[in-house]
Protein chains: 2
Amino acid sequence: MLKYQQIAAAIEQYINDQDLKQGDKLPVLEQLMSQYGVSKSTVTKALELLERRGVIFQLRGSGIFVRRHNRPGYMSLFSTQGFKSNLGDRVLTSDVLDVSITKPSEDVARNLGIDVSNDVYRVERVRYVDGEVFCYEESYYVKAIVPYLNREIVADSIFDYVQSALGITIGFSDMYMQVGRLNETEAGYLGLKMDDPTLRIETIFHLTNGKPFDYSRITYHYEHSQFVVQANGPYM
Amino acid sequence: MLKYQQIAAAIEQYINDQDLKQGDKLPVLEQLMSQYGVSKSTVTKALELLERRGVIFQLRGSGIFVRRHNRPGYMSLFSTQGFKSNLGDRVLTSDVLDVSITKPSEDVARNLGIDVSNDVYRVERVRYVDGEVFCYEESYYVKAIVPYLNREIVADSIFDYVQSALGITIGFSDMYMQVGRLNETEAGYLGLKMDDPTLRIETIFHLTNGKPFDYSRITYHYEHSQFVVQANGPYM
DNA sequence: CAGTGGTCTAGACCACATG
DNA sequence: ATGTGGTCTAGACCACTGT
């Protein structure tokens, strides 16, 4: 683990241990430098990381402060999208409906940047948070990149598996969101009625080299899903 | 304007001018250094900026590549949330329904971190993209920070005004999203029916010093709003 | 004006991707 | 093996906040 990542983790833990609130002041740069025995740029890089993740904000001429948001019950949009597996204390479980190898449809192939003749794994799940239906998910993995999946792996975190067992690291992802109405099948899985509102998110996950390896469509239970996004900016 | 921002802007313009596609390779670091006459870290910082914004991705040992997404018609979630005023070629207009000074409700006061005895500006608008109803917005500005607003300012971009006229710079924001059903009033403004699905986003905008100055509730027209979010990660 | 974070440099060394 | 981006350092100087 890199120095700046360790320092970021240490500072985040310090915030949690001390149960610091929004606006509480952290030690100044110079102290962090000597405390961790690293150069200014390394501390700065750790702080940038925390800033991007919404943990702190920095104010030139003044100091480094804790940032929080005040809505328990809202999940970070990114925590549900393969990044931080951390959902706080909540327990995530899945019913696996399907794991199979097939040929992709035109649409799926286009999103994965492959030809329809290539094999893909199709995974279909209903996911629960603390026992409540959370979403219905249909996702496709390029078999050339993810050569093996089974129901057991898929019941757990697929991303943990591809990362630890296959050494695959995710580079970046594109999420497409829109609101619509449930069809009959989706309503059945979610325990809702047809035509009820829903949030749909399609995500294309890319490897670090830019190649798509996973295309996923998630249909959320509108009553059990609310998200928070902490943004920084403007960027320029 | 800072060097690394200038370089970021120049590189982005170069990508657009050359109409580069996803995966196209950019000049290597060393060339960018000499081309712009700056040190390695400055180029790196410019590239980080572009990477965070989903414009490029960098692959160690290989190069710097253009990143794009392939869904015309999807707006960046952040472009509609006060950050980049750039919506591409689309024209954004507003009907101003209300601009007035009032006392905040309990709820609004809590979100703005002020007491209910403080004055706020209330702004109510219906917003259009290329003439199509896009969203209904109700927002509150802390009068102690934004001392003056009128219908003319509000018909345009409020953020441009507070930034250029008042010298206020936004630091960060917390967005809370959920899906629900329209009530009768909202349905009227959006030209939809009561109980139609909708995406609701509440956003709290903070100054660079962490103080909230704007709390806004937006109700989107579900057929005219679809968003893209380009994420990088995992962060740690 | 003192204190604090932000920018920028020059350079050493490291880790990864690709042929 | 080569070339490429990533980390880290030490230090100069700048820009902002708050007293």
Side-chain angles (χ1 to χ4, degrees), chain A residues 1-9 11 23-52 56-67 145 167-172 206-211 232-236, chain B residues 1-9 11 23-52 56-67 145 167-172 206-211 232-236:
Chain A
M1 207 182 192
L2 297 166
K3 278 191 188 176
Y4 75 90
Q5 293 176 325
Q6 288 174 10
I7 295 169
I11 294 174
D24 284 354
K25 196 167 187 292
L26 292 176
V28 301
L29 258 181
E30 189 131 9
Q31 195 194 319
L32 295 171
M33 288 167 63
S34 65
Q35 180 170 337
Y36 295 107
V38 295
S39 73
K40 182 172 173 177
S41 343
T42 304
V43 174
T44 300
K45 197 142 195 224
L47 295 172
E48 265 168 19
L49 203 61
L50 294 173
E51 196 164 39
R52 256 187 288 158
I56 61 160
F57 64 93
Q58 298 183 73
L59 183 50
R60 187 196 312 216
S62 183
I64 303 158
F65 304 90
V66 174
R67 175 176 174 195
I145 299 173
I168 289 170
T169 31
I170 162 176
F172 54 90
H206 305 255
L207 303 178
T208 47
N209 67 10
K211 289 209 183 81
N232 309 300
Y235 297 120
M236 288 176 85
Chain B
M1 205 182 192
L2 298 166
K3 276 191 189 176
Y4 76 89
Q5 293 176 325
Q6 288 173 12
I7 295 169
I11 293 174
D24 284 353
K25 196 168 187 293
L26 292 175
V28 300
L29 259 179
E30 189 131 8
Q31 195 195 318
L32 295 171
M33 287 167 63
S34 66
Q35 180 171 336
Y36 296 108
V38 295
S39 74
K40 183 172 169 175
S41 346
T42 304
V43 175
T44 299
K45 197 142 193 223
L47 295 172
E48 264 168 21
L49 204 61
L50 295 173
E51 196 165 38
R52 256 187 289 158
I56 61 162
F57 64 93
Q58 298 182 73
L59 183 51
R60 187 197 312 217
S62 183
I64 304 158
F65 303 90
V66 174
R67 176 176 175 195
I145 299 173
I168 289 171
T169 30
I170 160 175
F172 54 91
H206 304 255
L207 303 178
T208 47
N209 67 9
K211 289 209 182 81
N232 310 300
Y235 297 120
M236 288 176 86

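Worth knowing before you read on, the calculation uses all heavy atoms, side chains too, and leaves out hydrogens, waters and symmetry mates. In what follows, chains carry the letters A, B, and so on, assigned in the order in which the sequence lines appear, proteins first and then strands, with residues in each chain numbered from 1. Being a predicted model, the structure only gives us computed values, none of them experimental.
- Position along DNA chain D of the nearest nucleotide to B:S41 versus B:L26 favours B:L26 as the more 5'-ward residue.
- Relative ring orientation between A:F57 and B:F172 is described as tilted, the plane-to-plane angle lying within the 30° to 60° band.
- The CG atom of B:L32 sits 18 Å away from the P atom of D:dG3 (whole-angstrom rounding).
- Spacing between atom CG of A:N209 and atom P of D:dG5 amounts to 15 Å, rounded to whole angstrom units.
- Using modelled atom types, no side-chain atom of B:Q58 and backbone atom of B:E51 make a donor-acceptor pair closer than 3.5 Å.
- Dashed line: the shortest gap from a side-chain N or O of A:Y4 to OP1 or OP2 of D:dT7 is under 4.0 Å.
- The minimum heavy-atom distance linking B:M1 with B:Q6 is given by the pair O-NE2, 3.1 Å.
- Here the C1' atom of nucleotide C:dA10 and the CD atom of B:E30 are 13 Å apart, to the nearest Å.
- Distance CZ (B:F57) to C1' (C:dA17): 13 Å, rounded to an integer number of Å.
- Not a single donor-acceptor pair, N or O on each side, falls under 3.5 Å between the base of C:dG6 and the side chain of B:K45.
- Map B:G37 and A:T208 each onto its nearest nucleotide of DNA chain C; the residue landing nearer the 5' end is B:G37.
- Atom CG of B:L29 and atom P of D:dT2 are 21 Å apart (whole Å).
- Around atom CD of A:Q35, more than 12 heavy atoms belonging to other residues, nucleotides or ligands sit under 6.0 Å away.
- For B:S39, counting side-chain heavy atoms from C-beta on, the closest listed nucleotide (C:dC14, C:dC8, C:dG5) is C:dC8.
- Between B:L2 and A:S62, the residue anchored closer to the 5' end of DNA chain C is A:S62, taking for each the nucleotide with the nearest heavy atom.
- In terms of heavy atoms, A:I11 sits closest to A:Y36 at CG1-OH, 3.9 Å.
- Residue contacts shown for B:T42 are limited to sugar-phosphate atoms, with no base heavy atom under 4.0 Å away.
- Distance, A:K40 NZ to D:dT7 P: 19 Å, rounded to whole Å.
- Across the protein-nucleic acid pair, B:L59 atom CG and D:dG6 atom P stand 8 Å apart, rounded to whole Å.
- The shortest distance between the side-chain N/O atoms of A:Q58 and the OP1/OP2 oxygens of C:dG6 is below 4.0 Å.
- Among the heavy atoms of the strands, none lies under 4.0 Å from A:L47.
- Computed from coordinates, the A:K3 NZ to C:dC14 P distance equals 12 Å when rounded to whole Å.
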